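First up is the structure itself, then whatever we jot down about it.
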Protein chains: 2
Amino acid sequence: MNLKQLAHMLALSQTTVSRALNGYPEVNEETRRRVMDAAKRHGYRPNPSARRLATGKSGMIGYVLPTGAAVDIDPHFVEFLSGLGDYARSHELDLVLSPADADDQETTYRRIVANRQVDAVYISSPRPQDSRVALVSTLGIPFLVHGRSEGFDFDYPYLDIDNEGAFHEAARLLVQLGHRRLALINGDDRETFAIHRERGVRRALAASGLSLGERHVCSVVMTEENGYRATRRLLEEGDAPTAIACSSLIMALGVVRAVRDLGLTIPGDVSLIAHDDVFPWLKPENFSVPLSTTRSSIRLAGARVAERLAARISGLEEGARGEVWPVDLVVRGSVAGAPA
Amino acid sequence: MNLKQLAHMLALSQTTVSRALNGYPEVNEETRRRVMDAAKRHGYRPNPSARRLATGKSGMIGYVLPTGAAVDIDPHFVEFLSGLGDYARSHELDLVLSPADADDQETTYRRIVANRQVDAVYISSPRPQDSRVALVSTLGIPFLVHGRSEGFDFDYPYLDIDNEGAFHEAARLLVQLGHRRLALINGDDRETFAIHRERGVRRALAASGLSLGERHVCSVVMTEENGYRATRRLLEEGDAPTAIACSSLIMALGVVRAVRDLGLTIPGDVSLIAHDDVFPWLKPENFSVPLSTTRSSIRLAGARVAERLAARISGLEEGARGEVWPVDLVVRGSVAGAPA
DNA sequence: CAAAAAAGCCAAAGCGCTTTGGAAGACTCT
DNA sequence: AGAGTCTTCCAAAGCGCTTTGGCTTTTTTG
């Protein structure tokens with residue numbers, strides 16, 4: 001059932017039927033109702049390929065997926081996706097993942113924009129002066145950054161959580177508890193979120209005349225194994241920290257294992273606070289010692305990103321609005337006063 | 001730069017240029033070279049929307065993503081996606097995720113097929129007599145099932161791992177080590193993989209005149225917390241198992257925690273074997289006691305699924321070929337002889 | 001060497017929609 | 001009543017590609 005047939009069976013022109021369906025004003029309400037009705041009754045759905053060719057709009061949002069044998073997709077991605085999908089579903093938006101060589105995403109961005117394959121894109125895990133952000137904003141496609149970039153002479157729309165604030169609060173709490181030597185086990189420090197977290201910790205320490213020792217900050221890919229290794233190194237060297245802030249629950253697993261392997265305890269010997277993106281399959285309250293966390297649902301962020309992208313596509317949102325979500329500090333058993 | 005312009009500048013018809021580019025035989029090789037050359041030089045890329053409208057082919061593969069506030073996407077998904085994306089990239093295939101109400105995926109399948117939005121789809125986490133498999137095979141779109149369904153009177157193409165064989169081997173090893181009371185902490189037993197795994201365990205036990213106690217098999221969503229709870233229940237009741245087979249590494253985290261909480265040890269009191277889908281961020285060899293596993297890279301499966309889908313789209317693969325991958329049994333420190 | 005076959009190219013008709021530029025009729029205003 | 005203004009609809013021109021059917025020109029064949 002295509003437009004032509006529908007129009008014919010209504011004894012109307014394609015023009016009128018099309019307009020009636022798309023809510024244009026220049027059609028009699030009575031006629032519109034007839035058309036809508038017939039469309040529904042016959043299950044007419046405009047062919048998206050045709051509509052797309054005619055309008056250039058695809059009804060999809062895009063994401064360039066860095067791939068490669070040595071490239072791992074962040075497990076946070078599925079949670080983000082859950083939220084994004086949940087919103088997208090209610091608006092009949094599809095998501096296109098365009099795999100790209102991790103070292104050359106530009107080609108892919110250019111392709112999907114030139115081909116008008118998607119109406120908007122989002123960018124995740126941005127770095128300072130992220131070339132994707134610069135590229136996409138010149139390409140002129142609606143977009144949204146999940147996270148933040150820095151160091152541009154232009155603004156751009158983003159959704160981020162207050163990483164600096166979160167880690168500032170976490171560190172401040174630890175300092176209040178008497179800890180003097182903190183360590184930060186962070187994610188890849190080329191990414192903005194990691195930089196912000198480090199900044200937050202440093203700021204809290206500085207406020208009490210303390211500082212983050214050079215060897216007390218690790219920047220690693222956020223795996224259990226790396227959390228373990230970092231912790232071993234931190235605790236086995238002289239000047240070991242009495243408290244650790246950690247950028248992910250998965251790494252925290254490794255931290256806990258390392259502490260235990262060394263015959264130490266949490267929070268007796270080491271206090272621990274980790275960032276929790278809220279996974280259904282791994283919860284901080286279920287750690288052997290319930291884990292204190294800075295908590296922010298990445299799933300909600302996914303839903304919000306979808307919502308804002310939809311708004312930008314339809315022109316409801318414009319400009320370079322940045323949105324920063326506060327992060328909860330949830331205190332559980334893994335923090336205590338510094339050991340004597 | 002569109003076809004018309006390119007044709008005009010070559011003083012050829014659109015027909016000829018199109019044919020030259022698409023490898024049709026009825027064009028002079030000399031001419032074809034000229035065309036190819038000019039196309040490359042001017043960076044001509046046929047507009048996919050137009051091509052799509054004309055041919056009905058989209059160059060994308062589809063996946064219907066079940067969503068909803070209460071629906072969690074399996075974290076395995078990202079690893080699968082890594083593999084899929086890696087292959088898809090090399091063939092300029094994009095992946096379309098169409099979010100659907102988890103309770104009504106049929107509408108979405110029908111939509112994406114009717115709209116010819118994608119050239120092929122894959123289905124994951126199938127159940128016996130999975131309605132999606134039945135649906136998609138009547139819809140007549142190329143597809144592949146990742147996993148297996150059962151109980152149909154027709155065949156269908158799939159890629160699966162030998163879950164039954166894997167858990168059979170695992171259980172057999174435990175029995176050989178003298179264990180008489182095994183338990184299985186399984187995933188959702190409405191899914192085929194879980195059924196196969198249970199079948200594997202039962203078969204191994206039966207071969208030695210043993211059986212799986214009714215209370216010794218748990219079927220739960222595969223989270224750390226559920227692994228913990230199941231293990232507590234198993235070990236605190238009378239007739240506690242001395243060995244546990246577990247369907248995921250994430251649940252195994254909970255198993256380990258529960259065992260420890262109960263003041264027991266692995267493998268002294270309980271032997272443990274878990275299935276490992278090979279995550280970069282959580283490795284069985286890094287468990288406090290290195291974990292024995294049945295191992296199969298879900299990432300490789302993703303790549304293979306993409307490869308076969310591409311083959312089916314281009315007509316290189318046909319029919320209902322099923323492919324079952326063997327699973328490695330990797331023995332590490334978490335198994336030992338049954339306690340006296 | 002004429003007839004048949006093959007090679008190489010083209011004009012034009014889709015694919016199914018949106019949108020432009022009218023046009024006919026109904027309505028308002030002076 | 002005539003001019004002007006809405007209202008409501010339509011024919012037709014795209015969007016950029018593929019593909020059908022045909023038309024020349026060249027090559028092959030008996």
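Letters A, B, ... mirror the listed sequences (proteins, then strands); counts begin at 1. Just so it is clear, the model here is predicted, and its values are computed rather than measured.
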Q. D:dT18 C1' sits how many Å from B:Lys4 NZ, rounded?
A. 16 Å

Q: Would you kindly give the CG-to-P distance between A:Leu6 and D:dC10, to the nearest whole Å?
A: 12 Å

Q.
Would you say that more than 12 heavy atoms from the other residues, nucleotides or ligands in this model lie under 6.0 Å from the CZ of B:Arg116, or not?
A. no

Q) Among D:dG16, C:dT20, C:dG16, which nucleotide sits nearest the side chain of A:Asn47? A) C:dG16

Q.
Looking at B:Asp101, is its backbone amide N or carbonyl O close enough to the side chain of B:Thr67 to form a donor-acceptor pair, meaning the two atoms are under 3.5 Å apart?
A. no

Q: Using whole Å, report how far CD of A:Gln14 lies from P of C:dT20.
A: 16 Å

Q: Please examine the side chains of B:Asn115 and A:Asn47, heavy atoms only from C-beta on, and report whether any two atoms are closer than 4.5 Å.
A: no

Q. Can you find a pair of side-chain heavy atoms, one from B:Asp160 and one from B:Glu323, that are under 4.5 Å apart?
A. no

Q) Taking only side-chain nitrogens and oxygens of B:Ser13, does any of them come within less than 4.0 Å of OP1 or OP2 of C:dA11? A) no

Q | Value in whole Å for how far the C1' atom of C:dG16 lies from NE2 of A:His8 | A | 17 Å

**Q.** Passing option when B:Ile313 is tested against B:Ile141, B:Asp119, B:Val118 for side chain to side chain contact (heavy atoms under 4.5 Å, CB included)
**A.** B:Asp119

Q: Please determine, by modelled atom types, if B:Thr15 and B:Ser18 share a side-chain donor-acceptor pair under 3.5 angstrom.
A: no

Q: Can you tell me the distance, in whole Å, between the CD atom of A:Gln5 and the C1' atom of C:dG16?
A: 11 Å

Q: Name every residue in residues 21-38 of chain A that has at least one heavy atom under 4.0 Å from any atom of DNA chain C, in order of residue number, or write none if there are no such residues.
A: A:Asn22, A:Tyr24

Q. What nucleic acid atoms does B:Ala11 come within less than 4.0 Å of, heavy atoms only: base, sugar-phosphate, or nothing?
A. sugar-phosphate

Q) Please give, in whole Å, the distance from D:dG14 P to B:Asn2 CG? A) 13 Å

(Q) Would you call the rings of B:Phe279 and B:His76 parallel, tilted or perpendicular, taking 30° and 60° as the class edges? (A) parallel

Q | Nearest-Å distance for atom pair CZ/P, residues A:Arg116 and D:dC17 | A | 14 Å

Q) Is it the case that more than 12 heavy atoms not belonging to A:Arg190 sit under 6.0 Å from its CZ atom? A) no

Q: Please assess B:Leu300 against B:Trp325 for the test side chain to side chain contact (heavy atoms under 4.5 Å, CB included), listing each intermediate value before the final yes or no.
A: CA-CA 11 Å; B:Leu300 290 179; B:Trp325 286 4; 3.8 Å; yes

**Q.** Trace of the side chain to side chain contact (heavy atoms under 4.5 Å, CB included) decision for A:Arg52 with A:Met60
**A.** CA-CA 11 Å; A:Arg52 191 157 155 177; A:Met60 315 209 214; 3.5 Å; yes

(Q) Parallel, tilted or perpendicular, judged at 30° and 60°: which one describes the rings of A:Tyr156 and A:Phe154? (A) perpendicular

Q: Would you jot down, in residue-number order, the residues of residues 48-60 of chain B having a non-hydrogen atom under 4.0 Å from DNA chain D?
A: B:Ala50, B:Arg51, B:Ala54, B:Thr55

Q.
Angle between the two end axes of the helix from C:dC1-D:dG30 to C:dT30-D:dA1, five base pairs per end, rounded to 10 degrees?
A. 40°

Q: Indicate, with yes or no, if the rings of A:Phe143 and A:Tyr63 have centres closer together than 6.0 Å.
A: no

Q: Can you tell me the distance, in whole Å, between the CZ atom of A:Arg19 and the C1' atom of C:dC17?
A: 13 Å

Q. Between C:dC17, D:dT20, D:dC9, which one does the side chain of B:Thr15 approach most closely?
A. D:dT20

